[in-house]
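Worksheet for the structure shown next.
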Amino acid sequence: MVNLAVQIGDLKFKNPVSTASGCFGYGYEYSDFMDVNRLGAIFVKGTTGSNRDGNPYPRMAETPAGMLNSVGLQNKGVDHFISEIYPIIKDYDSHIIVNVSGSTIEEYVEVSEKLNELDKIPAIELNISCPNVKEGGMVFGTHCPSAIEVTRSVRKAFTKTLIVKLSPNVTSIHEFAMAVEGAGADSISLINTLLGIAINSKTRKPVLSTVTGGLSGPAIKPVALRMVWQAYHAVKIPIIGLGGIMNATDAIEFMLAGARAIQIGTANFIDPAVSIKVLEGIEGYCRENGFSDVNDLVGALET
Amino acid sequence: MVNLAVQIGDLKFKNPVSTASGCFGYGYEYSDFMDVNRLGAIFVKGTTGSNRDGNPYPRMAETPAGMLNSVGLQNKGVDHFISEIYPIIKDYDSHIIVNVSGSTIEEYVEVSEKLNELDKIPAIELNISCPNVKEGGMVFGTHCPSAIEVTRSVRKAFTKTLIVKLSPNVTSIHEFAMAVEGAGADSISLINTLLGIAINSKTRKPVLSTVTGGLSGPAIKPVALRMVWQAYHAVKIPIIGLGGIMNATDAIEFMLAGARAIQIGTANFIDPAVSIKVLEGIEGYCRENGFSDVNDLVGALET
Amino acid sequence: MKKRVQDFTIIDNRQVNTEYYVLELQSDIALADLKAGQFAELRVDGTSEVLLRRPISFYDVDYKKQTISLLIQEVGKGTRQLAKAKPGDKLNMIYPLGNSFSFDGIKKALLIGGGVGVAPLLLLGKILKYNDIEPTFLLGFRNKDYLVDILSFEKYGNVLLTTDDGSIGEKGTVLDHSMVESGLSGFDKIYTCGPQVMMKAVAKLAEEKGIDCEASLENTMACGFGACLCCVQQTIHGNLRVCVEGPVFDTNEIIW
Amino acid sequence: MKKRVQDFTIIDNRQVNTEYYVLELQSDIALADLKAGQFAELRVDGTSEVLLRRPISFYDVDYKKQTISLLIQEVGKGTRQLAKAKPGDKLNMIYPLGNSFSFDGIKKALLIGGGVGVAPLLLLGKILKYNDIEPTFLLGFRNKDYLVDILSFEKYGNVLLTTDDGSIGEKGTVLDHSMVESGLSGFDKIYTCGPQVMMKAVAKLAEEKGIDCEASLENTMACGFGACLCCVQQTIHGNLRVCVEGPVFDTNEIIW
Ligand SMILES: Cc1cc2nc3c(=O)[nH]c(=O)nc-3n(C[C@H](O)[C@H](O)[C@H](O)COP(=O)(O)OP(=O)(O)OC[C@H]3O[C@@H](n4cnc5c(N)ncnc54)[C@H](O)[C@@H]3O)c2cc1C
Ligand SMILES: Cc1cc2nc3c(=O)[nH]c(=O)nc-3n(C[C@H](O)[C@H](O)[C@H](O)COP(=O)(O)OP(=O)(O)OC[C@H]3O[C@@H](n4cnc5c(N)ncnc54)[C@H](O)[C@@H]3O)c2cc1C
Ligand SMILES: Cc1cc2nc3c(=O)[nH]c(=O)nc-3n(C[C@H](O)[C@H](O)[C@H](O)COP(=O)(O)O)c2cc1C
Ligand SMILES: Cc1cc2nc3c(=O)[nH]c(=O)nc-3n(C[C@H](O)[C@H](O)[C@H](O)COP(=O)(O)O)c2cc1C
Ligand code: FES
Ligand code: FES
């Protein structure tokens with residue numbers, strides 16, 4: 001028997017496998033394909049203070065071993081989440097973690113306060129790294145004093161587990177990791193998408209309506225692994241690693257680099273049951289390699 | 001007839017296609033495969049003040065649509081370049097541009113001064129973005145005041161065309177573009193490699209001896225295009241774009257984003273004659289789309 | 001209907017014209033129920049250039065033989081690779097996806113398709129016919145070299161053709177066809193699928209004539225089953241997902 | 001010899017054991033001259049997992065038939081994909097690459113190979129034989145299920161075998177073979193190719209016995225023709241490129 005449970009702040013995940021915000025809807029979109037209750041956690045779509053329409057079409061471009069998106073936080077706002085979505089998903093056996101997004105500190109705080117009231121929301125993930133909105137979003141994630149300020153403010157408003165999601169579009173990821181740790185984060189997740197562009201040479205136009213978008217998928221895995229490894233050596237709080245995880249081997253690489261848990265994003269689009277395969281693969285790896293506790297993989301990279 | 005010539009500082013390239021430093025040796029490694037004289041320019045391997053052994057083996061890891069390298073500027077030093085290599089390559093019909101690397105400002109200046117004396121070296125490319133050396137290298141490329149200082153110092157020592165090669169491992173590429181423009185660069189080239197890690201889950205060790213390495217190849221193209229586009233809107237000096245160019249379409253995308261010329265790196269390893277195909281492809285594109293001058297593509301992205 | 005991820009076996013791949021081909025796929029198990037207008041997300045194997053699945057409409061289905069047909073136009077990396085499929089090869093699909101055309105209380109329908117957009121109209125015509133609704137197909141192609149197998153359509157209804165150059169059928173676009181000019185009387189519904197400019201024009205025509213109209217839209221999709229919000233269409237109800245709330249929309253609700 | 005990028009046609013792909021297979025490739029044009037120890041860089045098509053070419057040694061060559069044989073072990077993404085090659089498929093190679101084994105003034109040579117490392121030794125043995133040098137092959141495998149086609153080797157010289165479990169030949173590694181213990185007298189050169197630990201041990205043995213020794217090294221390569229400096233081996237002459245100054249090195253010069 002392999003112990004798969006991992007601890008993120010005050011929260012115990014029954015296993016390290018979770019699904020990334022914006023890539024897994026609210027979980028029920030996947031219920032035809034897998035048992036979503038087997039996941040350690042589900043990070044639901046970025047949620048803002050009020051309704052957002054997101055960006056105009058087209059919002060997606062395929063790139064070599066990756067994709068760009070510029071969804072732009074389309075969601076119906078936190079009140080709609082609470083009244084319409086929360087009742088449906090609150091009894092999942094996986095932790096429901098809401099990805100909190102905003103344009104202003106006030107908005108982040110407002111959303112976090114409201115979510116703090118919900119019994120079955122044990123944690124939030126503060127998205128200070130969305131590259132696809134004009135205001136806020138990535139600004140908080142690429143300017144250290146802003147990252148500190150928004151984390152501090154939300155920390156006061158949210159009493160449960162606070163995960164801060166970092167942007168990879170920075171010179172020194174460890175600086176941001178340490179900053180939000182100091183500001184009260186219980187955990188950090190990384191990476192969000194890398195800022196990129198796709199161009200259609202025939203039309204001589206950008207593929208995305210917003211010109212730039214966020215790059216995800218296997219292409220970014222080496223950068224994500226590097227950042228997880230750098231952050232692991234900079235902070236004490238647990239790290240949730242993501243970026244290009246397609247299979248169990250990738251997930252194990254993130255854990256070796258220092259991730260206590262992992263999230264799967266883009267891969268869900270290609271194989272909607274991939275997260276279960278990753279879970280089973282991690283368990284198999286531990287068994288075959290004599291690890292009785294998945295936690296023994298965390299940061300076990302021999303350098 | 002399509003005009004293919006482009007101007008980089010005082011220097012006229014007969015066409016916009018060149019090959020990237022560290023990926024094309026000194027040109028002669030490719031002479032069995034193609035006529036290297038057809039290139040606009042050849043950016044030769046990073047050259048330092050004295051001999052460098054580079055990093056221990058292994059130095060290479062394949063990643064999704066990319067590769068990591070940690071060669072670490074292995075070269076025999078500028079004096080060896082001048083006495084042994086320059087005589088062989090100086091009569092190429094393509095511009096020979098030396099990629100100047102170093103650990104200290106003094107080293108950059110020393111190498112640049114020596115190269116300034118060589119008749120057939122019309123330009124240098126200042127590599128302030130090598131992620132694979134312990135000292136110097138990327139530090140200059142990720143710290144703006146250092147980037148300015150090294151550019152200023154070399155500008156004094158080198159009277160011909162000075163190209164500064166920027167690191168993508170920064171928060172604001174336009175900041176660096178503007179800084180080195182202000183410090184006297186005639187042109188900027190971007191991007192160098194993104195810092196990444198590859199892990200072998202079986203051995204639980206990093207694949208590279210140096211743990212981290214530089215990511216190149218198609219995977220990085222969206223990031224490179226974005227940075228070229230951002231830099232294009234920040235500076236007046238011509239931009240040489242690179243990062244993941246595999247074919248003529250990719251090259252055209254870079255030109256539309258704002259690159260006046262392009263470099264091909266990793267793709268040469270897979271198809272050693274790819275640069276000629278890119279050149280012919282660009283010419284064909286211009287012909288088919290009614291561009292009589294390749295310069296009309298530069299920055300022509302309709303946003 | 002529960003969505004599935006399933007392997008199919010290619011049993012036929014026939015070239016229809018220079019750019020189009022029909023893949024016929026067989027299932028080992030009973031097919032999921034398909035509705036006209038729905039689509040599948042195809043995994044593209046064997047090339048380094050494709051990461052995401054590709055959405056393709058159902059062209060035809062045979063529940064007894066457990067086969068599905070897809071009409072595919074070669075436009076890029078994925079469809080080029082799929083074109084190489086040989087009998088015996090496997091093809092993995094997520095299906096059935098999306099909503100479908102509605103036809104409650106309809107008697108006589110006009111199905112207007114352009115190019116590869118005719119694909120979902122074949123299955124729609126077939127189903128309409130089975131429901132005693134009379135379909136008329138009005139199909140437009142670039143020229144006679146881009147035609148599809150018209151006999152398949154004629155099994156279910158009258159087929160009118162236009163080509164840009166008049167090399168077969170009437171010359172011009174579907175909108176230029178004489179029967180459009182003659183008034184469209186008798187039709188109580190128009191369905192359309194094809195290039196966006198065509199659908200937009202059809203929608204306008206339908207509005208003018210006071211006929212209900214549904215269009216099957218395209219979009220760039222990452223997931224195809226509602227999770228990513230990449231594929232939205234602006235509508236009077238806000239940005240809706242083409243893969244879930246679509247691909248079929250009442251044209252009155254679309255903000256083009 | 002000028003290096004070429006050339007398409008070959010696969011004419012045979014035969015499984016040699018559970019992990020090894022031999023590809024036989026035919027050229028439309030006269031082959032470039034190949035030397036024993038040289039290799040080719042193979043392009044791997046049809047999978048999204050491989051970007052760079054893969055280096056593979058020449059196992060055999062027939063200039064008349066214009067064919068080249070490669071002995072390949074399935075170890076990962078690229079070799080797994082290459083294993084699917086079918087007669088008629090194309091394979092693109094850059095060749096010939098690297099230096100080669102030297103045999104000036106040699107009379108009797110011992111060729112020590114382990115696992116798939118036996119590949120370059122077949123061609124070497126053949127060429128030695130043609131040059132009136134007597135090759136003896138000492139080949140080690142995991143067990144009898146991992147053997148290669150020994151008859152091919154026996155055409156050129158005496159073949160001695162070891163397996164880790166003694167299921168064929170003597171039990172143990174090549175270093176444990178009785179003929180090694182009996183002194184290696186008469187051999188004026190040792191060539192070796194196989195796992196690094198084995199080659200290192202062979203090099204030590206050769207040094208002790210005062211016999212010249214050459215080893216064919218492996219390395220991770222990006223280009224294969226000297227441009228990238230990814231593949232260096234530490235030697236007494238500094239870091240040398242395995243793809244140009246190697247893959248064959250005098251073992252006295254290697255800093256292991
Ligand atoms: C619901 C739905 C049903 C469809 N049904 C069919 C069908 O039955 N038969 C058929 O042939 N095609 C159909 N399509 C279109 C098909 O999905 C695209 O042609 C295909 O994804 C292109 O893939 P590719 O890799 O060949 O092209 P790529 O190499 O990805 O792109 C080539 C070019 O096509 C454009 N393109 C790519 N994807 C789309 C897209 N989804 N919509 C519009 N343009 C695109 C790109 O911008 C690019 O210019 C459908 C699309 C949707 C959304
Ligand atoms: C000069 C030379 C000649 C060679 N000749 C032969 C030959 O004749 N027959 C043969 O079967 N193999 C030969 N090899 C080894 C062969 O190149 C590798 O096995 C192959 O590249 C692995 O590719 P892959 O995609 O299957 O493995 P990957 O999926 O890339 O890797 C699988 C595993 O193999 C390891 N690996 C990958 N490449 C190498 C390498 N170059 N050296 C050592 N380990 C590696 C990786 O670290 C990983 O653990 C030779 C290598 C060199 C450098
Ligand atoms: C379509 C799409 C939508 C996303 N939406 C969000 C979001 O709302 N909030 C967020 O923090 N991250 C969002 N992300 C980023 C992912 O959660 C994840 O950080 C990123 O995709 C990298 O992981 P991957 O390579 O596994 O996809 C989104 C990503 C994609 C592809
Ligand atoms: C093996 C290797 C060696 C490199 N050496 C250098 C170097 O010496 N100096 C330098 O400025 N860039 C060096 N680079 C970076 C490339 O010049 C280029 O910026 C990068 O690879 C991105 O382009 P690409 O994706 O086309 O390869 C090297 C890249 C590779 C892959
Ligand atoms: S394609 Fe993902 S929501 Fe429609
Ligand atoms: S593999 Fe590039 S120099 Fe050897």
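No hydrogens, no waters, no symmetry mates; every other heavy atom, side chains included, goes into these values. Here the structure is a predicted model, which means the values were calculated and not measured. We name chains A, B, ... by the order of the sequence lines, and we start the count at 1 in each one.
Side-chain N/O atoms of Glu19(D) and Gln73(D) include a donor and acceptor closer than 3.5 Å.
Looking only at side-chain heavy atoms (C-beta outward), Phe13(B) and Ile97(B) come within less than 4.5 Å of each other. The closest side-chain heavy-atom distance from Ile56(D) to Phe39(D) is not below 4.5 Å. The shortest distance between side-chain heavy atoms of Phe103(D) and Ile127(D) falls below 4.5 Å.
Aromatic pair Phe33(B)/Phe225(D): centroids less than 6.0 angstrom apart.
A distance-only check finds no donor-acceptor pair linking the side chain of Tyr191(D) to the backbone of Leu111(D) [under 3.5 Å]. Here the side chain of Glu214(D) pairs no donor or acceptor atom with the backbone of Ile190(D) at under 3.5 angstrom.
Proximity to chain D is limited to the side chain of Pro218(B), based on heavy atoms less than 4.5 angstrom apart. With a threshold of 4.5 angstrom between heavy atoms, Val50(D) approaches chain B through its backbone and through its side chain.
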Check chain D against chain B and list any donor-acceptor pairs under 3.5 Å.
unit_1, atom_1, unit_2, atom_2, d
Lys3(D), N, Asp32(B), OD2, 2.7
Leu51(D), N, Glu62(B), OE2, 2.9
Leu52(D), N, Glu62(B), OE2, 2.7
Arg53(D), NE, Ile270(B), O, 2.7
Arg53(D), NH2, Ile270(B), O, 3.0
Arg54(D), NH1, Glu62(B), OE2, 3.1
Arg54(D), NH2, Glu62(B), OE1, 2.7
Leu229(D), O, Arg59(B), NH1, 2.7
Asn239(D), O, Gln74(B), NE2, 3.0
Asn239(D), ND2, Asp53(B), O, 2.6

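Taking Pro64(B), Ala65(B), Pro272(B) one by one and counting their heavy-atom pairs under 4.5 Å with chain D, the maximum is reached by Pro272(B).
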